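Structure first, commentary second.
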Amino acid sequence: MPLLIKNGRIVTASENYVADIFCENETISRIERKIAPPKGAEVIDAKGKFVFPGFIDPHVHIYLPFMGTFSKDDYITGSEAALVGGTTTLIEMICPGPQDEPVAAFELWKSKAERLAAVDYTFHMSVVRFEEAVQGQFREIVGAGAASFKVFLAYKGALNLTDADLFAAMKLAKQLGVVVTAHCENADAIDALQRALLGAGQTGPEWHGPSRPPVVEADGVHHLCTFAELLGTHVYIVHTSCDAAVREALAARYRGVNVWIESVIPHFVLDETYAQRGEFEGAKYVMSPPLRAAANQAVLWNGVKSRAISTIATDHAPFRFKDQKKMGKDAFTKIPNGIPSVQERVDLVHTHGVRTGRLTLQTMVDACSTQAARLFGLYPKKGAIQVGSDADLVVYDPSFRGTFSQKDSHSKVDYNAYEGWERLGRASVVTVRGQVQARDGKFVGTIGRGQFLKREPTHF
Ligand code: URP
Ligand code: ZN
Ligand code: ZN
């Protein structure tokens with residue numbers, strides 16, 4: 001059914017104005033000051049509300065075999081959580097094990113989304129092995145539309161690459177014109193620090209942070225950027241958590257490296273004291289890189305404000321407290337890493353970024369939607385409100401007052417890292433290609449409506 005959104009204040013990465021938007025055949029077909037409702041159209045009155053382009057989360061895990069368990073969401077719960085929070089496109093990390101065939105992994109991850117996704121979706125393809133016999137498979141995967149790689153410098157023995165394989169994979173990425181997204185922490189340093197801490201009987205979640213200090217992350221960023229400088233490969237540092245790591249990336253940028261910085265919402269609003277909570281409560285806040293000293297948060301907000309940091313993602317990695325985080329009761333190294341946030345991201349950025357005056361609305365849209373679309377070959381189909389763009393729209397009510405709570409969560413996880421926090425603003429209508437998929441915190445859409453977004457390489 002055609003859809004008309006009237007009287008809303010349209011806010012994109014570069015504009016802020018009042019107009020009506022008419023959507024038909026899944027796309028935006030008219031944007032005018034006043035549009036009379038065409039016969040048969042659904043009409044939504046957005047007076048007093050913002051209309052944003054659908055938000056894009058460029059770093060999520062929905063299906064994730066990791067640290068001896070599997071993340072809890074699937075594409076039904078993951079999509080629902082995303083949509084009620086205003087996110088209409090997910091970019092998931094395909095994370096196979098080092099024995100798995102890359103093409104089989106790509107097909108497996110796609111099969112997990114097909115028929116279940118209610119958001120549009122695409123993938124970054126992790127390179128966790130790169131011997132000659134499998135290299136052709138990565139060309140095939142890029143040709144099939146997953147036009148970005150993911151590499152891990154962390155997780156020794158599980159996901160990290162040797163330097164020789166990292167170099168070769170980044171060389172191929174340059175040839176293919178795909179950006180390499182990277183988890184940057186020095187795996188060997190972490191391994192040594194973890195062994196020393198456990199050997200000294202320091203086993204609780206509060207020791208996760210000390211096992212991966214800022215310098216370990218900064219070293220990873222420096223290392224990746226050195227290879228990028230040598231090869232000309234474009235790189236995107238995921239979940240950049242601290243001043244030292246941001247500085248390394250910016251230093252590389254000044255040397256001419258094509259490097260972009262992502263930070264994720266937990267690092268903006270949570271600090272290391274959460275992971276230090278007693279009674280094993282800190283395990284809920286174990287992620288990697290770890291939550292940092294609070295002083296780093298201003299660096300991240302200012303980095304977004306100045307646009308040095310391109311994107312605010314989530315790194316949604318959902319593990320339950322009672323039976324998964326508890327696997328690390330006797331050793332913090334066995335706590336599955338992750339702080340689920342896909343439902344909360346936009347409202348947290350609005351509450352703690354926009355309403356505090358740290359960010360403008362336009363910067364919020366740029367960091368939470370448009371830049372991801374631009375960097376990952378989705379713009380202006382996604383990340384824009386233009387004639388011809390997909391009608392992925394968020395009618396956002398800035399006057400909503402509430403609190404974050406696990407009881408409102410669509411994710412399968414049994415806790416909310418932001419439980420009881422004040423929430424200023426909420427997505428009141430969320431559309432995916434012109435169909436309403438969420439209203440006022442409820443999923444009202446169609447499971448399986450989501451489409452795979454085939455992307456072309458853009459990073460030559
Ligand atoms: O703690 C995290 N970040 N968990 C998910 C895996 C990853 O490193 O992105
Ligand atoms: Zn990571
Ligand atoms: Zn991740």
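What you are looking at is a predicted structure, and each value in this text was computed from that prediction instead of being measured. As the structure lists them, so they are numbered: ligands from 1, and atoms in each ligand from 1. In this chain, numbering begins with 1 at the start of the sequence shown.
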Could you name the option among Phe152, Tyr155, Phe319, Phe66 that has the heavy atom nearest to atom 8 (O) of ligand 1?
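When every heavy atom of Phe152, Tyr155, Phe319, Phe66 is considered, Tyr155 comes closest to atom 8 (O) of ligand 1.
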
If you check every N/O/S atom of Asp315, which is the one nearest the Zn ion (ligand 3)?
OD1

Side chain or backbone, does Lys150 bring an N or O within less than 3.5 Å of an N or O on ligand 1?
no

Enumerated ligand 1 atoms positioned under 4.0 Å from heavy atoms of [X]:
{"X": "His61", "value": "5 (C), 6 (C), 7 (C), 9 (O)"}
{"X": "Ser288", "value": "1 (O), 2 (C), 3 (N)"}
{"X": "Met287", "value": "1 (O)"}

Between the side chains of Gln324 and Thr69, is a donor N or O closer than 3.5 angstrom to an acceptor N or O?
yes

Please tell me whether Tyr121 and Glu92 have a donor and an acceptor in their side chains that are separated by less than 3.5 angstrom.
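Side chains of Tyr121 and Glu92: no pair found under 3.5 Å.
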
Of all the N, O or S atoms in His183, the one nearest to the Zn ion (ligand 2) is ND1

What distance separates Phe404 CZ from Tyr418 OH, expressed to the nearest 0.5 Å?
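If we round to the nearest 0.5 Å, Phe404:CZ and Tyr418:OH are 8.5 Å apart.
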
Decide, yes or no, whether a salt bridge links Glu272 with Arg292 under the criterion of side-chain N to carboxylate O below 4.0 Å.
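Answer for the salt bridge query: no.
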
May I ask you to decide whether Asp73 forms a salt bridge with Lys412, counting only side-chain N to carboxylate O separations under 4.0 Å?
no

Location of contacts on Asn337 toward ligand 1, heavy atoms closer than 4.0 Å:
both

Any side-chain heavy-atom pair of Leu197 and Phe332 under 4.5 Å
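Side-chain contact under 4.5 Å: yes.
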
Is there side-chain contact between Thr88 and Thr431, with heavy atoms separated by less than 4.5 Å?
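Side chain of Thr88 against side chain of Thr431, heavy atoms only: no contact under 4.5 Å found.
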
Measuring from the heavy atoms of His59, does anything fall under 4.0 Å of ligand 1?
yes

Indicate if the distance from the Zn ion (ligand 3) to the nearest N, O or S atom of His239 falls below 2.8 Å.
no

Is it true that some N/O/S atom of Cys95, main chain or side chain, lies under 2.8 Å from the Zn ion (ligand 3)?
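No, outside the cut-off.
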
